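Inspection log for the structure reproduced underneath, given as structure tokens.
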Amino acid sequence: MELRHLRHFVALAEEEHFGRAAERVFVVQQALSSSIRNLEEEVGVQLVTRTTRRVQLTPAGEEFLIGARATLAQAAQTVERARRAAQGEVGRLTVGFVSGLAFGGLPEIVRRFRELYPAVSVDLRELTAGEQEAALRGGQIDVGLLLLPVRDPALASRALWRQRLVAALPAAHPLAGQERLQIGDLADEAFVFFPRYLRASYFDQVMHWCADAGFTPRVVQEAIEIPTLLSLVAAGVGVFLPIEFFSRLALPGVVYRPLDGAPVIEIVAVWRRDAAGEQPTRPTVQAFLQVAERVLHDASEPLPAAGAE
């Protein structure tokens, strides 16, 4: 039994005429008659009674019509679901993210993605950069959101957004009265920062920048969450260098100031590389990246291209 047999039977049941039913399904009348006979042989009962003027369903045919319509509807839904899956419109997506992005970027991305793709189930997992890389290699997550690119050859990445570092200062700090700062202005300050193991690339980039300015930051307190670090700034424990996006977190006692020549930190999406090359092959990942790029691009003015000033 094939789906075409069911389509022929439903057409005949609704038209009650072989000629009209044949025209409806685009076959000759003889082929339709043969299809109905084959169907009856397969089922083992008579489904229609034939007269010179019309066709009527037998009681068995009436029951078979209910199931035939349901089967065709289910088949159509299955085809549509497959087509939507190929466009990334249905399925499941597991996204890893570093903690800081929960306070800037990630909520906007996920909200917009769910609006556009309500049939995709999104599972969010807060992981360090190293944990995300391991989870990508092991297939536990589909895409990760990190600060700075990864160097693992098994993983591919794409820069979604580029943000400069800014200085977060206690509101009462003498430097808070200046509109812009140089990194050398902070040479004698106490710093609060992430532990290196949590964001090694980010940590090292800041340390190299400060070293080029002739000093090593004196880190007096470490914390793993952005709000905690900013709370330490508000308490006067030290200064902090977040990316510009986090200046949207208005915290009493904290002011943000631009830093001339500040390095650019990339927010990147990472996925497991396959034989297809650099681009992700999973449609849901492709759709997520497109949404993330649009959301982050709209969040602020774009920075110059890498290497440009």
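None of these values were measured; they are calculated from a predicted model.
- Taking a cutoff of 4.0 Å between a charged side-chain nitrogen and a carboxylate oxygen, R20 and E23 do not qualify as a salt bridge.
- Across all their heavy atoms, A234 and P252 have their closest contact at CB-O, 3.5 Å.
- Between atom CD of residue E126 and atom CD of residue E131 there is a gap of 9.5 Å, rounded to the nearest 0.5 Å.
- Counting only residues at least two apart or in different chains, side chain to side chain donor-acceptor pair (under 3.5 Å) contacts with residues 187-197 comprise H173-E189, R196-D204.
- For the atom pair NE2 of H8 and CD of E2, the computed distance is 9.5 Å after rounding to the nearest 0.5 Å.
- The 12-atom threshold is not exceeded at CD of Q30, counting heavy atoms of other residues, nucleotides or ligands nearer than 6.0 Å.
- Looking only at side-chain heavy atoms (C-beta outward), L186 and L169 come within less than 4.5 Å of each other.
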With side-chain contact (heavy atoms from CB on, under 4.5 Å) as the criterion, how do R114 and V122 come out once you've worked through the C-alpha distance, each side chain's angles and the decisive distance to 0.1 Å?
CA-CA 8 Å; R114 284 176 168 159; V122 181; 3.9 Å; yes
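- A side-chain donor-acceptor contact under 3.5 Å links Q132 to the backbone of L145.
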TODO: Decide side-chain contact (heavy atoms from CB on, under 4.5 Å) for V206 and F191; before the verdict, give the C-alpha distance in whole Å, the side-chain angles of both, and the deciding distance to 0.1 Å.
DONE: CA-CA 12 Å; V206 172; F191 280 73; 5.8 Å; no
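- Shown here are the side chain to side chain contact (heavy atoms under 4.5 Å, CB included) partners of R37, two or more places apart in sequence or in another chain: S33, S34, R50.
- Between the side chain of R257 and the backbone N or O of Q178, at least one donor-acceptor pair lies under 3.5 Å.
- With contacts defined as side-chain heavy-atom distances shorter than 4.5 Å, the pair V239/L175 does not qualify.
- Through chains of ILVMFWY side-chain contacts below 4.5 Å, L3 is grouped with M1, L6, F9, V10, L12, F18, V25, V27, L32, I36, L39, V43, V45, L47, V48, V55, L57, F64, L65, L72.
- Annotation: side chain of I183 is in contact with side chain of F215 (closest heavy-atom distance under 4.5 Å).
- Between the CZ atom of F240 and the CG atom of L229 there is a distance of 4.5 Å, given to the nearest 0.5 Å.
- The only option from T94, L93, I141, V95 that meets the side chain to side chain contact (heavy atoms under 4.5 Å, CB included) definition with D123 turns out to be T94.
- Considering all non-hydrogen atoms of both residues, A156 and R273 come closest at CA-NH2, 3.9 Å.
- Nearest heavy atoms, A171 versus A176: O-CB, 3.6 Å.
- For the residue pair G19 and Q29, the shortest heavy atom distance occurs at CA-OE1, 3.5 Å.
- We find the OG1-CD1 distance between T71 and I66 to be 11.5 Å, quoted to the nearest 0.5 Å.
- At least one side-chain heavy atom of Y117 sits under 4.5 Å from a side-chain heavy atom of V291.
- Formation of a donor-acceptor pair under 3.5 Å by the R164 side chain with backbone atoms of E244 is not found in this model.
- Sorted by first and then second residue, the pairs that involve residues 137-146 and meet side chain to side chain donor-acceptor pair (under 3.5 Å), not counting sequence neighbours, are R137-D152, D142-R282.
- If you take CD on E42 and NE2 on H5, they are separated by 8.5 Å, rounding to the nearest 0.5 Å.
- The shortest side-chain heavy-atom distance between I265 and Q205 falls under the 4.5 Å cut-off.
- Between I243 and L165 the shortest side-chain heavy-atom distance falls below 4.5 Å.
- The minimum heavy-atom distance between P170 and V233, with the atom names listed, is CG-O, 3.3 Å.
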Mind running side-chain contact (heavy atoms from CB on, under 4.5 Å) on E293 and R158 for me, showing each step along the way? CA-CA 10 Å; E293 287 176 330; R158 179 189 302 173; 2.9 Å; yes
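- For T58, the side chain to side chain contact (heavy atoms under 4.5 Å, CB included) partners at least two apart in sequence or on another chain are Q46, T49, A60.
- The heavy-atom pair separating R272 from L136 by the smallest distance is CD-O, 3.6 Å.
- Separating the CZ atom in R111 from the CG atom in L106 is a distance of 10.0 Å, to the nearest 0.5 Å.
- Residue pairs meeting the side chain to side chain donor-acceptor pair (under 3.5 Å) criterion with at least one member in residues 207-223, sequence neighbours excluded, do not occur.
- Classified by interplanar angle (parallel below 30°, tilted 30° to 60°, perpendicular above 60°), the ring pair Y202/F194 is tilted.
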